Chemist: 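One structure coming up, written as structure tokens, with questions to follow.
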Amino acid sequence: MTYQQLVASLGVVACSLISNPSIADVTVAIAGPMDGQFGAFGAQMQAGAAQAVADINAAGGVRGEKLVLEVADDGCNDEKAVAVANQLIGKGAVFVAGHFCFGASIAASAVYADAGIIQISPATTLPRFTDGGPDTGIFRLAPRDDAQAVVAGQLLASEFASSRIAILHDKTAYGKGLTDAVKAVMNDRGVTESIALGFDAGEDNYRNLVTQLSLENVDVVYLGGYHPEAGLIGLEMARQGLDAQLIGGDALMTEEFWSVAGPAGEGTLLTYPEIPREVEASKDVVADLEEAGLSADRYALTTYAALQAWAQAMEQADNPTFEAVAGSLENGAFETVLGTVRFDENGDANVPAYVWYEWQNGAPQPRSR
């Protein structure tokens, strides 16, 4: 079945939100960038949502009623997201899987909360989305940005507690923010770095930087920055014979890292959210999506899981009101393609979580220990 056929069979409304929806018992929606620069992510969301609605309806719907899906394009724009949220109120939506970009998610969340619409973002990682938003009805199925620092800081403080640790950052908001948070976690656990340095991104080589690390006899280099600089630093460490463990963040999860570092990148560790299609519970849905020629990548599966969690919360709630379903989501456990999902008091989910990957033979692999 093609995507167009699947969408047609569900009565999915076009992204413009101009067409009248097909008559259905319960209206749910997805909202995100369905066109333009980030349209590929919106396509993933559409694929996952359409498959989830088809599967839920085939199993009898929710509380005995079928679902109809609305698809809304917010263009990753804050003002447009607010307009989309108000349009979805007019469409009678009771649940929204969205938005994708953090600005759009935050802007729309207040509208949904006021209207009594449950929102689960499959993509927004900014802590402020759940920390500073409405108290009820707002959830996410994406790892918080600050969770990465906790995972990295804990590893440094446990596995490398007796090592000489260097903390490096590229002076960008991403790189310095990450290393500051990692350092704080590590220090709170009683481990202090031997050296902490900032370096300039975009250099051709980092000979002097690595020489300084060698003089400090460092055993571990934690680097907050992007793949070009990490690759060059790893390459220079190999050239100078500095046998230190290189560790980085999610920005090293790219083939371009290996294209720069080559074999010098072997064994580099990085934190990255667990890849949904590698979760055993996702296998059947991945197969269904791929058989239909649809995306089975991250946001397809997190969107699918958002609909699963909401549908199960609807079934578990005493009644289908906003307050009851929000309470069910806050206190329940839900079996999804991401595994068992639980939301904490902020609305943050336990999955997907940051896990460790290791570069091996030119590809990042889940770390075995």
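No experiment lies behind these values; they were computed from the predicted model shown.
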Chemist: Of the non-hydrogen atoms in Pro352 and Leu141, which two are nearest, and what is the gap between them?
Modeler: CD-O, 3.5 Å
Chemist: Using the rule that two of Ile, Leu, Val, Met, Phe, Trp, Tyr join whenever any of their side-chain heavy atoms come within less than 4.5 Å, decide whether Ile167 and Val220 are in one cluster.
Modeler: yes
Chemist: If only atom types and distance count, is the side chain of Gln46 paired as donor or acceptor with the main-chain N or O of Met34 below 3.5 Å?
Modeler: no
Chemist: Decide yes or no for Thr271 and Leu155: does some side-chain heavy atom of the first lie under 4.5 Å from some side-chain heavy atom of the second?
Modeler: no
Chemist: Any chance CZ of Arg63 has more than 12 other-residue heavy atoms, nucleotides or ligands included, within less than 6.0 Å?
Modeler: yes
Chemist: Taking side chain as C-beta onward, heavy atoms only, is Tyr304 less than 4.5 Å from Leu338?
Modeler: no
Chemist: Could you tell me whether Asp35 atom CG has more than 12 heavy atoms of other residues or ligands within 6.0 Å of it?
Modeler: no
Chemist: Are any non-hydrogen side-chain atoms of Val84 and Gln87 less than 4.5 angstrom apart?
Modeler: yes
Chemist: Nearest heavy-atom pair of Ala313 and Ser328: which atoms, and what distance?
Modeler: O-OG, 3.2 Å
Chemist: List in chain and number order the residues that pass ring pair (Phe, Tyr, Trp, His ring centres under 6.0 Å) with Phe322, two or more places apart in sequence or in another chain; answer none if no residue qualifies.
Modeler: none
Chemist: Give a yes or no on whether Val94 and Leu69 share a hydrophobic cluster (residues Ile, Leu, Val, Met, Phe, Trp, Tyr; joining criterion: side-chain heavy atoms under 4.5 Å apart).
Modeler: yes
Chemist: More than 12 foreign heavy atoms under 6.0 Å from CD of Glu290: is that the case here?
Modeler: yes
Chemist: Hey, does Thr179 have a side-chain heavy atom less than 4.5 Å from the side chain of Leu168?
Modeler: no
Chemist: Would you confirm whether Thr302, through its side chain, and Pro122, through its main-chain N or O, come within 3.5 Å as a donor-acceptor pair?
Modeler: yes
Chemist: Which heavy atom of Ala326 sits nearest a heavy atom of Thr136, and at what distance?
Modeler: CB-CG2, 3.6 Å
Chemist: Using modelled atom types and a 3.5 Å cut-off, is there a donor and acceptor pairing between side-chain atoms of Arg140 and backbone atoms of Pro127?
Modeler: yes
Chemist: Between atom CG of Asp78 and atom OG of Ser105, what is the distance when rounded to the nearest 0.5 Å?
Modeler: 9.5 Å
Chemist: Check Asp348, Thr124, Asp344 against Thr130 for a side-chain hydrogen bond (donor to acceptor under 3.5 Å, both in side chains) and give me the one that passes.
Modeler: Asp348
Chemist: Any side-chain to backbone donor/acceptor pair from Glu70 onto Lys91? Under 3.5 Å, distance only.
Modeler: no
Chemist: With the 4.5 Å side-chain cut-off for hydrophobic clustering, are Met45 and Leu67 part of the same group?
Modeler: yes
Chemist: Regarding Gln240 and Glu236, is there a side-chain donor-to-acceptor distance under 3.5 Å anywhere?
Modeler: yes
Chemist: Once ring-ring contact (aromatic ring centres under 6.0 Å, His included) is applied, what residue pairs with a partner in residues 139-195 remain, sequence neighbours excluded?
Modeler: Phe139-Phe343, Tyr174-Tyr226
Chemist: Would you say that more than 12 heavy atoms from the other residues, nucleotides or ligands in this model lie under 6.0 Å from the CG of Asn319, or not?
Modeler: yes
Chemist: Do you reckon Leu270 sits in the same ILVMFWY cluster as Val151, going by side-chain contacts under 4.5 Å, direct or chained?
Modeler: no
Chemist: Checking Asn350 side chain against Thr340 main chain: does a donor-acceptor pair fall under 3.5 Å?
Modeler: yes
Chemist: If I take atom CZ from residue Arg164 and atom CG from residue Asn217, how far apart are they, to the nearest 0.5 angstrom?
Modeler: 6.0 Å
Chemist: Can you tell me how far apart CG (Asn57) and CD (Glu65) are? Round to the nearest 0.5 Å.
Modeler: 11.0 Å
Chemist: Against Leu301, only a single residue in Thr336, Val279, Val286 fulfils side chain to side chain contact (heavy atoms under 4.5 Å, CB included); can you say which?
Modeler: Val286
Chemist: Can you name the nearest heavy-atom pair linking Met186 to Ile165, along with the distance?
Modeler: SD-CD1, 3.8 Å
Chemist: To the nearest 0.5 Å, what is the distance between CG on Leu242 and CG on Asp219?
Modeler: 9.0 Å
Chemist: Decide if atom CZ of Phe334 counts as having more than 12 heavy atoms of other residues, nucleotides or ligands within a radius under 6.0 Å.
Modeler: yes
Chemist: With Trp310, which residues qualify under ring pair (Phe, Tyr, Trp, His ring centres under 6.0 Å), at least two apart?
Modeler: Phe95
Chemist: Is it the case that one hydrophobic cluster holds both Leu269 and Met237, taking links as side-chain heavy atoms less than 4.5 Å apart, direct or via other members?
Modeler: no
Chemist: Quick one: closest heavy-atom pair of Gly92 and Thr27, and the distance?
Modeler: O-CB, 3.8 Å
Chemist: Can you check whether Ala97's main-chain N or O pairs, donor with acceptor, with Gln119's side chain at less than 3.5 Å?
Modeler: no
Chemist: Main chain of Ala300, side chain of Thr303: is a donor-acceptor contact present, judged purely on distance under 3.5 Å?
Modeler: no
Chemist: Please list, chain by chain and in numerical order, all residues satisfying ring pair (Phe, Tyr, Trp, His ring centres under 6.0 Å) with Phe199, sequence neighbours excluded.
Modeler: Tyr206
Chemist: In sequence, state the C-alpha distance, the side-chain angles, and the governing distance for Leu307 and Asp55, and then conclude on side-chain contact (heavy atoms from CB on, under 4.5 Å).
Modeler: CA-CA 10 Å; Leu307 278 151; Asp55 291 345; over 6 Å; no
Chemist: Which atom pair, heavy atoms only, marks the closest approach of Cys101 to Phe38?
Modeler: SG-CD1, 4.5 Å
Chemist: To the nearest 0.5 Å, tell me how far Asn208 CG sits from Thr211 OG1.
Modeler: 6.0 Å
Chemist: Surrounding CZ of Arg189 (heavy atoms of other residues, nucleotides or ligands, distance under 6.0 Å), is the total greater than 12?
Modeler: yes
Chemist: Would the distance check show the side chain of Glu193 and the main-chain N or O of Asn187 forming a donor-acceptor pair, the cut-off being under 3.5 Å?
Modeler: no
Chemist: Looking at Asn346 and Asp131, would you say the former's side chain and the latter's main chain have a donor-acceptor pair under 3.5 Å?
Modeler: no
Chemist: Do Tyr272 and Leu252 come close enough that some side-chain heavy atom pair is under 4.5 Å?
Modeler: no
Chemist: Who passes ring pair (Phe, Tyr, Trp, His ring centres under 6.0 Å) against Tyr299, sequence neighbours left out?
Modeler: Phe41, Phe100
Chemist: Check whether any side-chain heavy atom of Glu266 sits under 4.5 Å from a side-chain heavy atom of Asn361, and report yes or no.
Modeler: yes
Chemist: Check the pair Ile195, Gln212 against side-chain contact (heavy atoms from CB on, under 4.5 Å), reporting the backbone distance first and the verdict last.
Modeler: CA-CA 10 Å; Ile195 185 172; Gln212 190 170 358; 3.9 Å; yes
Chemist: Do Val62 and Glu315 pass the side-chain contact (heavy atoms from CB on, under 4.5 Å) test, and can you show the C-alpha distance, the side-chain angles, and the key distance before you say yes or no?
Modeler: CA-CA 7 Å; Val62 174; Glu315 297 287 356; 4.1 Å; yes
Chemist: Between Glu203 and Leu232, is there a side-chain heavy-atom distance shorter than 4.5 Å?
Modeler: no
Chemist: Test side-chain contact (heavy atoms from CB on, under 4.5 Å) on Leu156 and Ile247; report intermediate values, then the result.
Modeler: CA-CA 10 Å; Leu156 290 170; Ile247 305 175; 3.9 Å; yes
Chemist: For a quick test of your reading: what N or O donor-acceptor pairs under 3.5 Å do the side chains of residues 109-118 make, sequence neighbours left out?
Modeler:
from, atom 1, to, atom 2, distance (Å)
Ser109, OG, Ile106, O, 2.8
Tyr112, OH, His99, NE2, 2.8

Chemist: May I ask you to test the Pro276-Val337 pair for a side-chain heavy-atom distance under 4.5 Å?
Modeler: no
Chemist: If you round to the nearest 0.5 Å, how far is CD of Gln148 from CG of Asp250?
Modeler: 4.0 Å
